[in-house]
Chemist: 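Quick one: the structure is below, and I'll ask about it shortly.
A quick note: this is a predicted structure, and the numbers were derived from the prediction, not measured. When a ligand or atom number is given, it counts from 1 through the structure's own listing order.
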Amino acid sequence: MNVINPATEEIIAVLEEDDHLSLEKKHELLKAGQVSWAKRTLEERLAVVTRFFDLLDTEKEKLAAILTAETGKPLQQSRNEINGARTRIKWMLVHAAKYLSEEMVSDTGDMQEKISYEPLGVVCNISAWNYPYLVGVNVFIPALLAGNAVLYKPSEYAALTGLEIERLLKAAGIPEDVFMVALGTGQTGELLLDMDFNGFFFTGSYKTGQHIYERVAWKMVPCQLELGGKDPLYVTDDVKDIAAVAAGTADGAFYNNGQSCCSVERIYVHEKVYDEYVAAFVREVKSWKSGLPTEDGVYFGALTRKPQLAVLEGQVREAVANGASLVLGGHVQQGPGYYFEPTILTNVSNKMKVMQEESFGPIIGIMKVKDDEEALKLMQDTAYGLTASVYSNTLDRATRILSQIDSGSGYWNCCDRVSAGLPWSGRKHSGIGVSLSHQGFRAFTKPKAWHLKN
Ligand code: NAD
């Protein structure tokens, strides 16, 4: 398997993919390793993860360089991702005992009722490339803390990072047979679906997620899916500082080149502030630098996947053919590297692909609305349900709208944000199950009800 630097198109590594035999061997080892790992105390497991947390900091520069080389993410954004992953791990370290320990529910003297949280066993984590540290940590850290063993399949676009994660976990003290990496493309992922895991935890596209859900259903084990989104954002007419709102929301749309599951993907703006907002938005985006992701001050690096360039071109072509105005960008940039111009479309309609299908790139459609009712109707018009955002001076106005949208997260005056203490979940085509928060620990456990009569 070739690892390609998307900013230069150079092959930077050649890796051997796992096959059926190597995966079976790893699975057998993990089954044995899990039994002894689960017998360790939570304190011992916490100590190991604490060392991993420290190593991520010690080796940050090296890890950020590798992440940037294989994904095209600007170096500073790679550092930010590692810092963000450490913040999440810290939260998990602090809260693990609270959510994984036994709970006494009632004790009447002659009858005790309590719950214990047993590990699932060996879990399979098939992961995405856009934030390999963040989405990886959401799964393998609580899974390991709860006493599971993990077979981790990094995306083929973040395989070197997957190997670094394995190296650091081992250096931190995770036994060889408790965390292992499966290398390869979707074909390797497909082989994993035939295997006898005690849970499947997937982060990726709706298309693959739906396929995995169908393929493993008969196994009757947990299957959690963190999928894509078409996240809407509405700017009301009572916002005070339009330039600041435009800057913040543009960052929500374009950070990581728009390759975030919770990127702002559609913007609706009240007609009273529309012109001023669009002008400030365009000004802001034009001020950001594109270039090699290793250069200082670059905001737009390369896109990670070459095929996405054609998807973005197609969305622009279809929108313009149906009456949209191309305010900025709209084209693939000359290579080497997979670069797409930051793109802003106005006069869009909700029927266009750019307002319905996940773009996952530096492109945004902005639409004028006459009131909150129209904005709400348009925001609700999607197959996805990951996040939604309202910018307004009034919390009541924002919550009235957000509470009617079927999404896992609601943002008031912020966007493109994840917090370790809050449940991260998608609805409809955005997924099934919850990571982070107390539920993100419990997802890796089986509760046992204890009825103890004296
Ligand atoms: P993808 O679905 O193409 O691939 C994800 C993983 O699945 C990869 O490891 C891939 O090798 C594997 N895979 C592909 N085909 C498979 C098959 N048939 N069987 C088993 N495994 C298979 O997604 P991607 O391009 O890596 O990630 C981008 C998507 O992930 C976007 O839609 C994004 O919104 C979503 N995402 C969601 C979240 C979230 O928390 N909701 C977070 C990050 C990314």
Side-chain angles (χ1 to χ4, degrees), residues 1 3 6 15 17-18 23 70-73 81 84-85 88 124-139 151-159 161-162 165 181-195 197 200-216 223-231 255-265 303-308 311 357-361 382-387 407-409 416-420 422-437 440 443:
M1 184 172 80
V3 179
L15 303 173
E17 290 186 54
D18 273 290
L23 292 175
E70 66 182 340
T71 63
K73 193 188 289 255
E81 181 179 342
R88 285 189 197 179
C124 174
N125 178 200
I126 300 178
S127 202
W129 48 265
N130 60 331
Y131 289 101
Y133 285 99
L134 291 172
V135 298
V137 153
N138 287 1
V139 174
L151 187 65
Y152 173 64
K153 186 206 157 317
S155 163
E156 54 274 39
Y157 297 103
T161 293
I165 288 171
V181 166
L183 280 185
T185 62
Q187 280 176 335
T188 307
E190 197 69 49
L191 293 173
L192 295 171
L193 306 181
D194 290 326
M195 294 167 64
F197 289 102
F200 289 85
F201 293 82
F202 172 74
T203 308
S205 62
Y206 165 69
K207 189 166 163 262
T208 313
Q210 189 201 38
H211 170 74
I212 290 176
Y213 201 42
E214 283 179 9
R215 283 273 272 108
V216 305
C223 178
Q224 188 155 305
L225 308 169
E226 305 271 3
L227 311 178
K230 193 69 195 169
D231 297 359
Y255 189 80
N256 199 26
N257 242 330
Q259 301 170 118
S260 308
C261 53
C262 53
S263 279
V264 176
E265 288 248 347
L303 288 184
T304 306
R305 295 167 306 168
K306 190 176 186 182
Q308 201 62 13
V311 172
E357 294 179 7
E358 193 178 37
S359 304
F360 230 57
T382 173
Y384 290 101
L386 193 55
T387 81
S407 63
S409 297
D416 188 26
R417 177 176 196 280
V418 180
S419 166
L422 293 175
W424 183 247
S425 66
R427 301 184 187 173
K428 304 191 283 181
H429 286 193
S430 293
I432 290 172
V434 177
S435 53
L436 300 174
S437 76

Chemist: Can you tell me how far CD of Gln224 sits from CD1 of Ile212, rounded to the nearest 0.5 angstrom?
Modeler: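 Ile212 CD1 to Gln224 CD: 12.5 Å, rounded to 0.5 Å.
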Chemist: Between Lys230 and Glu265, is the closest basic N to carboxylate O distance under 4.0 Å?
Modeler: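 A salt bridge is present here (some side-chain N lies under 4.0 Å from a carboxylate O).
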Chemist: Tell me which residues fall inside the under-4.0 Å heavy-atom shell around ligand 1.
Modeler: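 Within the 4.0 Å shell of ligand 1, which is judged on heavy atoms, sit Ile126, Ser127, Ala128, Trp129, Asn130, Val135, Lys153, Pro154, Ser155, Glu156, Thr185, Gly186, Gly189, Glu190, Leu193, Phe202, Thr203, Gly204, Ser205, Thr208, His211, Ile212, Glu226, Leu227, Gly228, Cys261, Arg305, Glu358, Phe360, Trp424.
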Chemist: Between Tyr384 and Tyr206, what is the ring plane arrangement, given parallel below 30°, perpendicular above 60°, and tilted in between?
Modeler: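 Ring orientation of Tyr384 relative to Tyr206: perpendicular.
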Chemist: Taking only residues two or more places apart in sequence, or in another chain, which ones meet Tyr255 in a ring-ring contact (aromatic ring centres under 6.0 Å, His included)?
Modeler: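 Tyr255: no ring-ring contact (aromatic ring centres under 6.0 Å, His included) contacts found.
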Chemist: Should Asp194 and Arg215 count as an ion pair when the cut-off is N to O under 4.0 Å?
Modeler: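 Result for this pair is yes, salt bridge flagged.
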Chemist: So for atom NZ, which belongs to Lys428, do other residues, nucleotides or ligands contribute more than 12 heavy atoms lying within a distance under 6.0 Å?
Modeler: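 Yes.
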